[in-house]
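To start, the structure under review is shown below, and the notes come after it.
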Amino acid sequence: MADYFVGAKEYFPGISKIKYEGPKSKNPLAFKYYDAEKLIGGKTMKDHLRFGIAYWHSFCGDGGDPFGAPTHIYPWNTDAKNPMDAADKKMDAAFEFFTKIGAGYYTFHDRDMAPEGANPAESEKNLFTLTDKAKKLQKETGVKLLWGTAGLSNNPRYMNGVATNPEFGVVALAATQVKATLDATIALDGEGFTFWGGREGYMSILNTDIKREKENMARFLTMARDYGRKQGFKGMFYIEPKPMEPSKHQYDFDTDTVVGFLRHYGLDKDFRMNIEANHAELASHDFAHELETAAAAGMFGSIDANRGDSMNGWDTDQFAISYYETTLAMYTILKIGGFTTGGLNFDAKVRRNSVDPADLFIGHIGSMDAFAVGLQAAQRIIDDGVIPNFVKERYASFDSGDGAKYSKGEMTLEQLAKIGTDAGYGTTGWTSGKQEYLENVLNGYLLGL
Ligand code: XLS
Ligand code: CA
Ligand code: CA
């Protein structure tokens with residue numbers, strides 16, 4: 001048996017453990033920049049980046065789109081006797097992939113891992129059967145669970161919402177999934193539990209009571225938090241902001257919206273943000289803005305690493321390959337002292353016409369390399385100090401004298417206005433923001449100069 005497959009069958013034959021071969025390598029199945037054990041700022045790349053593999057895109061997504069049939073035909077499905085057998089085989093393939101690519105973590109939805117049964121009890125039984133297997137495979141391979149989540153968007157019963165559904169019965173069925181998935185996450189020592197509210201928004205105000213829906217959503221999240229904590233879950237709860245798709249007016253629009261919501265309902269101690277790059281873009285922000293906003297609120301948690309396409313408004317979930325974006329992302333993460341919870345979860349999929357099994361590896365390799373480049377460039381920004389010092393200096397007038405008094409809240413508006421009156425207009429405010437200069441400095445770090 002080869003070193004890196006775990007079941008009766010090897011699902012990615014001909015591909016062995018992906019190795020670091022350096023920037024000059026022409027091997028598409030090798031890392032050019034991601035060198036797991038290399039130390040950056042005293043910590044290995046592996047520990048900085050905490051890569052996670054998304055079960056749904058990598059082993060469940062079939063390549064189908066609204067205009068065409070599936071193109072990703074998986075042997076774990078075609079060789080299976082029934083849905084549970086397929087789920088069992090799929091898990092072998094998943095752990096083979098995790099270990100061959102060298103990711104320390106994975107993430108899953110309940111329905112990615114196990115099929116829905118004829119009733120909630122059977123669904124739960126299916127999930128726990130697969131959880132037992134996952135537990136064994138985690139132990140054998142050392143791969144850990146970054147977070148679990150309940151799949152609450154696919155089934156038609158959620159067409160009117162999940163926790164915000166106008167029918168109480170649907171909310172109760174959603175609870176069966178969240179409870180079971182929390183149990184599974186706890187059993188698998190999961191480090192987090194994510195809520196993504198794709199159906200928690202509305203399409204028409206004519207049939208919607210926004211106040212009631214938001215209150216119900218907060219109550220549902222509170223119950224999930226309380227249940228998790230009661231069962232001994234010590235990990236982090238995450239909310240993943242997204243403004244739209246599949247709903248419109250999604251309640252978790254962006255980081256600022258979610259931070260306000262969590263604080264309003266007293267959930268801000270247990271929940272953090274899981275920021276997805278593609279979702280930031282859909283909210284007319286960029287990835288760096290969402291990360292910095294979460295960090296500024298003290299609520300940054302984890303990342304769904306991907307990218308959208310700047311020329312359309314869809315959630316295309318492509319692999320992140322822009323060094324510019326990965327550098328800015330890693331800069332934020334380094335500034336806050338690295339991941340304390342969470343990691344870089346590849347919520348990304350190969351394109352519909354990428355039909356070679358090797359493409360799944362190549363997609364992940366490219367993005368792991370891109371984050372490795374970003375990490376090193378971000379460390380250069382910090383080591384060199386030009387950009388952080390510029391920012392510090394820009395606000396220096398608040399660090400001493402009257403500015404410091406103002407910052408400490410020791411001044412009234414009258415006192416503040418008197419300072420302005422005494423100073424007069426002069427040239428106050430005519431200070432260059434130096435954006436072009438800073439952009440040029442940043443480009444130098446990307447090139448390693
Ligand atoms: C969908 C989301 C989803 C979450 C997990 O847009 O990205 O995949 O990450 O439910
Ligand atoms: Ca996501
Ligand atoms: Ca997405």
Side-chain angles (χ1 to χ4, degrees), residues 51-62 65-66 105-113 127 145-155 158 161-163 174 177-178 180-182 184-185 190-201 217 220-221 224 236-255 258 271-287 290-291 294 300-310 312-320 325 329 342-352 363-364 367:
F51 289 129
I53 307 298
Y55 218 98
W56 53 101
H57 283 315
S58 296
F59 315 107
C60 308
D62 61 15
D65 70 16
Y105 292 93
Y106 72 103
T107 53
F108 78 102
H109 297 83
D110 51 352
R111 299 298 191 248
D112 306 333
M113 207 183 247
L127 180 61
L145 176 61
L146 190 64
W147 48 259
T149 185
L152 300 168
S153 85
N154 194 39
N155 193 291
Y158 299 122
V162 184
Q177 280 189 251
V178 169
T181 313
L182 260 167
T185 301
E191 297 182 19
F193 190 86
T194 296
F195 286 91
W196 164 64
R199 302 272 173 209
E200 315 289 35
M217 185 162 98
F220 191 88
L221 294 174
M236 191 54 80
F237 287 94
Y238 302 115
I239 301 267
E240 183 178 320
K242 185 176 183 183
M244 64 189 95
E245 197 202 20
S247 326
K248 219 180 125 186
H249 305 297
Q250 210 158 294
Y251 297 128
D252 299 332
F253 192 94
D254 62 0
T255 295
V258 174
F271 283 79
R272 294 274 177 279
M273 286 323 111
N274 180 37
I275 308 278
E276 178 175 322
N278 203 157
H279 296 182
E281 202 171 314
L282 294 179
S284 298
H285 295 310
D286 50 32
F287 190 23
E290 285 292 85
L291 293 170
F300 169 73
S302 197
I303 286 181
D304 267 9
N306 62 16
R307 76 177 202 271
D309 181 320
S310 58
N312 66 30
W314 308 321
D315 194 13
T316 54
D317 288 345
Q318 291 167 250
F319 284 94
E325 283 183 14
L344 281 160
N345 172 49
F346 290 110
D347 191 357
K349 58 186 174 193
V350 294
R351 297 302 87 190
R352 182 168 189 264
H364 283 88
S367 205

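As the structure lists them, so they are numbered: ligands from 1, and atoms in each ligand from 1. In this chain, numbering begins with 1 at the start of the sequence shown. Because only heavy atoms are used, hydrogens play no part in the values below, and waters and symmetry mates are left out as well, while side chains stay in.
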State, without any angle test, whether Thr107 and Asn345 hold a side-chain donor-acceptor pair at a distance under 3.5 Å. yes
Roughly, to 10 degrees, what angle do Asp315 atom OD2 and His279 atom NE2 form around the Ca ion (ligand 3)?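 Reported to 10°, the angle equals 80°.
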Between [X] and ligand 1, is there a nitrogen or oxygen pair with a distance under 3.5 Å?
X: Asp304; answer: yes
X: Glu276; answer: yes
X: Asp315; answer: yes

Tell me whether ligand 1 is touched by Thr194 - counting only heavy atoms on the residue side and a distance under 4.0 Å.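 No heavy atom of Thr194 comes that close to ligand 1.
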His279 near ligand 1 by a heavy-atom separation under 4.0 Å: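 Distance cut 4.0 Å: His279 passes for ligand 1.
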Taking the Ca ion (ligand 2) as the vertex, how big is the angle to OD2 in Asp304 and OE1 in Glu276, rounded to 10°?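 Reported to 10°, the angle equals 110°.
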Taking heavy atoms and a distance under 4.0 Å, where does Asp347 meet ligand 1: side chain, backbone, both or neither? side chain
Looking only at protein heavy atoms, which one is nearest to atom 2 (C) of ligand 1, and how far off is it?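 Here the nearest protein heavy atom works out to Glu240 OE2, 3.3 Å.
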At less than 3.0 Å, would any N/O/S atom of Asp317, backbone or side chain, sit next to the Ca ion (ligand 2)? no
Evaluate His109 against Tyr55 for ring pair (Phe, Tyr, Trp, His ring centres under 6.0 Å), listing each step before the verdict. CA-CA 8 Å; His109 297 83; Tyr55 218 98; 9.6 Å; no
To atom 10 (O) of ligand 1, the nearest of His109, Lys349, Glu245 on a heavy-atom basis is His109
Phe51-Tyr105 aromatic ring centre distance below 6.0 Å: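 Centroid distance Phe51-Tyr105: not below 6.0 Å, so no.
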Looking at Asp347, the N, O or S atom sitting nearest the Ca ion (ligand 2) is OD2
